[in-house]
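Excluded from the calculations below are hydrogen atoms, water molecules and symmetry mates; all remaining heavy atoms, backbone and side chain alike, are included. In what follows, chains are A, B, ... by sequence order, proteins preceding strands, each numbered from 1.
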Amino acid sequence: MGARTILLGNEAIAHGLLEAGCTMATSYPGTPASEIMSALMQLKRRHNLSCHLEWSVNEKVAVETALANSYAGRRSAAAMKQVGLNVAADPVMSAAYTGVKGGFLLIVADDPGPHSSQTEQDTRQFAMFAKLPVLDPAQPAQARAWIAPAYELSEAYEIPVILRPTTRVCHARQDMTPKAFQTAAPQPVFEKDPARWAATPKFRYLLHKRLNEKLDKIADDPRWQPQMLNRKILDEAGQWKTADGFDKVIVASGAACAHAVEILRDLNLWTRLPIFQVPMPYPLSERFCTELLEKAGTILVLEETQPVIEGQLRDRAKVLGRLSGHVPREGELLPEIVENIIRRFAGLPEVSLSPPAAGRRPTLCAGCGHRAAFFAIRKVFPKGIYASDIGCYTLGLNLGAVDTVLCMGASISQAAGFHHAFRAAGQNSRPVVATIGDSTFYHAGIPALINAVAQGCRFPVVILDNGTTAMTGHQPTPAAGMTTNGTPVPAVTLENLAAACGVTHVSVGDPYDVPGFTALLKAAKDHCRDEENGGMAVVIARRPCLMDQARREARRSPAHAPTITEKCEGCGFCLKFFECPALVFHGEKEAVTIDETLCAGCGVCVHVCPHDAIQWPSVSPA
Amino acid sequence: MEQQIAVSGLGGQGVLFVTKLLAETALRTGFSVLVSETHGMAQRGGNVVSHLKVFPRHDSKEEAAEDSLSMQPMTSPLIRPGRADVLLALHEEALAAHGFLVKPEGAVFCNRSDPKGPTDVDAVARAKAVGSAVAANVVLLGYAAARGGLFCTVDELRAVLQQWGGSRMEVSLSALDAGARAAREEKTA
Ligand code: SF4
Ligand code: SF4
């Protein structure tokens with residue numbers, strides 16, 4: 001400690017938690033929040049710390065687990081991405097009422113853009129809804145430095161506090177000087193108080209009242225008041241006199257504030273245009289709002305992604321922002337967009353922006369087992385409705401094997417919905433197939449599968465089991481049979497779960513074995529159609545994630561690639577329906593080639609080509 | 001000295017590694033840095049870009065200033081269009097995808113199998129020659145540094161690689177030198 005180092009925003013948050021003496025942190029992986037827990041686990045190992053860390057099965061479980069540690073008087077944290085907060089909404093809403101004892105930090109990473117999410121939802125707005133204070137750091141160093149005082153806030157008012165970094169904080173790196181970790185932790189003490197911890201509706205009313213009183217006080221907490229960042233400079237330049245008020249002022253929070261400060265300097269406005277950073281957008285101090293509205297001519301509000309600060313300024317006649325149409329209502333506030341908003345505000349000419357070229361679309365890795373599974377599914381269930389889910393395999397979109405993606409676990413429930421819809425309309429023949437990753441199945445697929453069985457559905461669920469949470473950086477699943485400390489625990493297997501959910505037809509196969517796996521899908525199809533003994537079917541497509549394997553073995557195993565024979569007609573079938581990045585198309589009627597630096601040697605393409613043009617090199621006679 | 005550098009390539013080409021190496025070198029030569037990275041879905045074979053800003057460190061007496069935006073000459077982790085001093089293009093597609101970031105007088109160093117411009121280099125061929133095609137990213141970095149396009153020297157980059165150590169250190173060091181050699185050959189040619 002003490003040495004200056006460069007930390008990723010999420011690593012900085014992990015440092016901040018340990019510097020503040022956090023004794024339990026829980027998380028479910030999701031971009032852009034995932035590296036918070038990975039960094040914590042690394043630091044725990046390196047420094048031999050005793051805190052409890054876990055990848056929980058989902059965000060709801062993560063919050064509830066960490067919350068109990070806080071009830072017992074110890075500092076705790078739960079980290080997730082913004083849509084994960086939707087899953088955890090139930091305990092979070094209630095915890096605002098019960099409050100906490102040991103400091104509780106809910107870290108929720110938002111994703112304006114969005115870059116890797118299904119919505120651009122603003123956790124600060126969720127905080128308003130839940131009635132919880134929320135902090136909006138602009139940079140990694142702020143995210144780290146704010147954590148200890150955030151715990152103090154949480155403990156002073158016995159309330160959960162939300163820290164809301166965005167992608168540009170989580171995935172930014174900055175140099176900073178971390179402090180020593182706080183390793184002395186209080187012993188857990190749980191004081192029984194059923195009127196609080198198990199409050200009935202009658203007591204909930206009182207808790208709500210107390211919560212409102214807390215918020216009034218928190219809004220005026222001096223540590224978290226908006227700061228005018230260039231007050232000193234303005235004073236020196238003789239531009240700023242508190243008594244007179246000012247013509248124009250910017251109020252900003254989060255990454256948008258970081259962009260704005262740099263832009264003000266570049267445009268030579270730093271010594272002329274006052275800018276406030278709002279560290280705690282909710283609850284916003286009444287005093288600040290009133291003073292601002294009294295003293296400012298026009299106020300520009302820069303924040304992501306919803307008008308949270310803007311909405312709390314009651315008289316909006318002089319406020320420019322998202323509600324007034326001066327700031328775009330959707331998309332990330334990229335610095336070039338912020339620059340033009342500030343230019344307009346300051347009466348400077350705008351710069352024209354050309355939209356960047358459309359890049360290459362992401363695709364499944366060469367040799368990915370998911371690609372093979374999707375190919376077989378399309379073959380066995382042509383014209384099916386393919387309800388899918390969240391993970392790498394969402395990229396099955398490119399293969400025409402993914403028709404719907406809603407949220408974690410929805411593949412199974414939506415397939416059930418389609419099944420009922422078509423059956424009700426008398427169309428029993430339309431095949432419906434659900435595809436869901438192993439980690440997603442553990443997270444939210446199980447209740448949906450139970451429901452499908454209980455409602456008499458008949459469709460196959462293909463669990464794409466690569467043994468890891470690949471998309472977010474290869475976190476382990478409950479099938480690992482081991483805690484993060486390496487302690488053995490019972491492995492919770494997919495086949496047992498599926499059977500326990502009431503599915504009578506469960507099979508497991510390797511999607512690389514195209515004929516064998518296709519046969520399993522056909523058997524599942526027959527089971528679903530069997531009038532007498534049929535029902536739901538689960539097919540587990542088991543093939544470890546290649547990246548995960550390479551990561552663990554710290555190498556890429558040398559692969560030998562199939563060969564393309566003269567039979568290749570350049571029809572492009574393999575590219576369109578299989579899209580392995582190692583297959584290189586050279587135009588119609590030209591034979592494809594295999595990029596050997598990418599090829600994983602899985603051999604699946606051998607079964608894909610309708611012209612038998614891809615073959616394993618024949619074994620040379622000895 | 002301030003420098004804004006964009007590193008662009010395809011997922012899996014080592015954009016993050018190059019950026020980290022540059023950032024660490026900046027830190028050790030007394031600068032402050034801000035970096036922005038691509039994570040998640042786009043890493044699966046899509047276009048990946050990192051932004052790096054290198055600027056003088058603000059030596060503050062008060063500790064509290066470290067997290068204040070008031071004192072830093074640069075505060076945003078993102079480069080605005082037309083403001084990058086340097087683009088390191090690990091793939092020629094990077095030019096179309098992220099060329100718009102570079103300012104008119106900026107430098108573009110590009111890895112190409114058939115070098116066209118004066119700052120192109122066949123980094124993959126040179127990386128293969130030292131035994132690892134995937135080290136093309138470090139070849140390009142060595143090339144750009146030796147051409148004088150970066151805030152740091154080849155020696156400064158080498159020192160960081162040596163200090164990091166690890167199983168790939170030897171390959172990286174050879175790749176860095178191969179890139180620097182390519183730049184020197186051009187000069188003498
Ligand atoms: S390998 Fe087969 S599928 Fe691919 S282009 Fe050639 S003939 Fe068509
Ligand atoms: S064997 Fe075929 S499908 Fe598998 S990685 Fe190589 S080219 Fe792609």
| message | Is B:Arg28 in contact with chain A via its backbone, its side chain, both, or neither, using a 4.5 Å heavy-atom distance? | response | neither
| query | Using non-hydrogen atoms only, which part of B:Glu93 is less than 4.5 Å away from chain A: side chain, backbone, both, or neither? | reply |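 The side chain, not the backbone.
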| message | Is there a side chain to side chain contact (heavy atoms under 4.5 Å, CB included) between A:Glu262 and B:Leu69? Walk through the geometry before answering. | response | CA-CA 9 Å; A:Glu262 191 170 310; B:Leu69 300 175; over 6 Å; no
| request: Tell me, please, which residues at least two apart from B:Arg83 pass salt bridge (charged side-chain N to carboxylate O under 4.0 Å, His left out). | output: A:Asp266
| Hey, mind stepping through A:Thr167 and B:Glu37 against side chain to side chain contact (heavy atoms under 4.5 Å, CB included) and telling me if it holds? | CA-CA 9 Å; A:Thr167 303; B:Glu37 301 176 350; over 6 Å; no
| request: Among the options B:Ser32, B:Ala133, B:Gly82, pick out the one with the most heavy-atom pairs lying under 4.5 Å from chain A. | output: B:Ser32
| field | Most chain A-contacting option - heavy-atom pairs closer than 4.5 Å, from B:Arg168, B:Lys20, B:Glu24 | value | B:Lys20
Tell me, side chain or backbone of [X] under 4.5 Å from chain B's heavy atoms, or both, or neither?
| X | answer |
| --- | --- |
| A:Gln227 | neither |
| A:Ile263 | both |
| A:Thr5 | backbone |
| A:Pro335 | both |

| said: Nearest 0.5 angstrom please: A:His171 NE2 to B:Ser50 OG, how far? | reply: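 With rounding to 0.5 Å, NE2 (A:His171) is 11.5 Å from OG (B:Ser50).
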| Say you draw a straight line from CG of B:Leu27 to CE of A:Met176; how long is it, rounded to the nearest 0.5 Å? | 11.0 Å
Any donor-acceptor pair under 3.5 Å linking the side chain of [X] with the backbone of [Y]?
| X | Y | result |
| --- | --- | --- |
| A:Arg265 | B:Gln72 | yes |
| B:Ser76 | A:Ala258 | no |
| A:Asp175 | B:Val33 | yes |

| message | For a quick test of reading the model, state the closest non-hydrogen atom pair linking B:Pro81 to A:Leu353 and the distance between them. | response |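 Looking at all heavy atoms of both residues, the closest pair is CG-CD2, 4.3 Å.
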| request: For A:Gln139 and B:Thr75, work out which heavy atoms get closest and say how close. | output: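 That closest heavy-atom pairing would be NE2-O, 2.7 Å.
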| Intermediate values then yes/no, side chain to side chain contact (heavy atoms under 4.5 Å, CB included), A:Gln142 and B:Ser68 | CA-CA 7 Å; A:Gln142 281 191 342; B:Ser68 164; 5.9 Å; no
| task | Start with the C-alpha gap between A:Arg168 and B:Ser36, add the side-chain angles, then the distance that decides, and say whether side chain to side chain contact (heavy atoms under 4.5 Å, CB included) holds. | result | CA-CA 7 Å; A:Arg168 299 306 177 187; B:Ser36 182; 3.2 Å; yes
| Sub-4.5 Å side-chain heavy-atom contact between A:His259 and B:Pro77 | yes
| Side chain to side chain, B:Leu52 and A:Arg173, heavy atoms closer than 4.5 Å | no
| query | With A:His370, which residues qualify under ring-ring contact (aromatic ring centres under 6.0 Å, His included), at least two apart? | reply | A:Tyr393
